Amino acid sequence: MFRAAVRLSVSGVRSLTRTQPRCQAVLASRCYSHGKQETDEEFDARWVTYFNKPDIDAWELRKGMNTLIGYDLVPEPKILEAALRACRRLNDLASAIRILEAVKDKAGPHKEIYPYVIQELKPTLDELGISTPEELGIDKV
């Protein structure tokens, strides 16, 4: 009888130890919102300042545009104006056309965005002597 009681108590202890997890994982929690939120005006001013640097080179121009196009937004016309002026300072017509093509691509299915941007940039495009992809006929595949 004593042997049966010990056997039951030992098996009972084993079943208790088996139900508990063998290792406990530490749960990490991360807080990502500690930084200051940038307003739209600060964002625009940062990029206008970036493209208005007098010593910007072609690599910095492409890097800036790739970063800007990577965001989930269509850049404001004042940012694009600064980028187009940087293209003119570098005498880089191809980059200027690529910027306009990238804006058209970023506008995606929202057909009213690209004409608005072109309308806002038209005085700058005329001043700098930059044609749109539509004027050059390279917008068609």
Side-chain angles (χ1 to χ4, degrees), residues 2-141:
F2 181 70
R3 191 180 297 166
V6 170
R7 196 174 338 147
L8 286 175
S9 67
V10 170
S11 67
V13 170
R14 283 186 193 152
S15 69
L16 285 176
T17 59
R18 287 185 190 148
T19 58
Q20 295 177 354
R22 295 203 184 260
C23 65
Q24 303 239 347
V26 177
L27 297 176
S29 70
R30 296 180 181 163
C31 298
Y32 291 107
S33 62
H34 289 296
K36 178 181 169 260
Q37 292 293 326
E38 188 175 41
T39 65
D40 290 341
E41 291 78 23
E42 292 170 338
F43 178 84
D44 294 347
R46 178 168 55 98
W47 282 104
V48 168
T49 303
Y50 179 85
F51 288 119
N52 281 337
K53 290 191 303 189
D55 60 340
I56 194 169
D57 62 5
W59 185 87
E60 288 176 321
L61 175 70
R62 287 190 307 272
K63 171 75 170 98
M65 280 310 302
N66 282 334
T67 303
L68 187 60
I69 294 300
Y71 293 133
D72 188 24
L73 54 82
V74 177
E76 287 289 326
K78 61 184 169 184
I79 298 173
L80 296 172
E81 179 181 346
L84 292 172
R85 290 186 184 280
C87 290
R88 190 64 185 145
R89 284 194 307 274
L90 294 171
N91 201 22
D92 191 355
L93 178 63
S95 290
I97 300 300
R98 286 187 191 110
I99 288 171
L100 296 175
E101 289 174 333
V103 169
K104 186 174 185 176
D105 185 55
K106 284 296 285 187
H110 306 287
K111 300 298 182 195
E112 67 277 357
I113 294 176
Y114 182 69
Y116 166 75
V117 170
I118 292 298
Q119 171 192 333
E120 293 294 313
L121 290 176
K122 195 63 175 163
T124 304
L125 293 173
D126 292 340
E127 176 189 341
L128 299 176
I130 299 172
S131 300
T132 64
E134 294 78 20
E135 292 170 348
L136 294 172
I138 58 175
D139 60 327
K140 298 167 188 63
V141 178

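A quick note: this is a predicted structure, and the numbers were derived from the prediction, not measured. Counting begins at 1 with the first residue of the sequence.
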Shortest non-hydrogen contact from [X] to [Y]?
X     : Y      : result
Leu61 : Ala83  : CD1-O, 4.0 Å
Ala82 : Asn52  : CB-OD1, 3.7 Å
Ile97 : Ser131 : CD1-O, 3.0 Å

If you draw a 6.0 Å radius around [atom1] in [X], do more than 12 non-hydrogen atoms from other residues or ligands fall strictly inside?
X     : atom1 : result
Asp72 : CG    : no
Arg89 : CZ    : yes
Lys63 : NZ    : no

Main-chain N/O of [Y] paired with [X] side-chain donor or acceptor, under 3.5 Å:
X      : Y     : value
Lys106 : Ile69 : yes
Tyr50  : Glu60 : yes
Lys78  : Ala45 : no

Quiz item: Mind checking what makes side chain to side chain contact (heavy atoms under 4.5 Å, CB included) contact with Glu134, not counting sequence neighbours?
Solution: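 Counting only residues at least two positions away or on another chain, Glu134 forms a side chain to side chain contact (heavy atoms under 4.5 Å, CB included) with Lys104, Tyr114, Thr132, Asp139.
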Exercise. Name all residues meeting the salt bridge (Lys or Arg N to Asp or Glu O under 4.0 Å) criterion together with Glu120; count only those two or more places apart in sequence or in a different chain, and write none if there are none.
Key: none
Practice problem: Using the side chain to side chain contact (heavy atoms under 4.5 Å, CB included) rule, pick out the option among Ile99, Leu121, Leu84 that qualifies with Ile130. | Solution: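 Option passing the side chain to side chain contact (heavy atoms under 4.5 Å, CB included) with Ile130: Leu84.
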Quiz item: Using 4.0 Å as the upper bound for N to carboxylate O, is an ion pair formed by Glu81 and Arg85?
Solution: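 Looking at Arg85 and Glu81, the cut-off is met.
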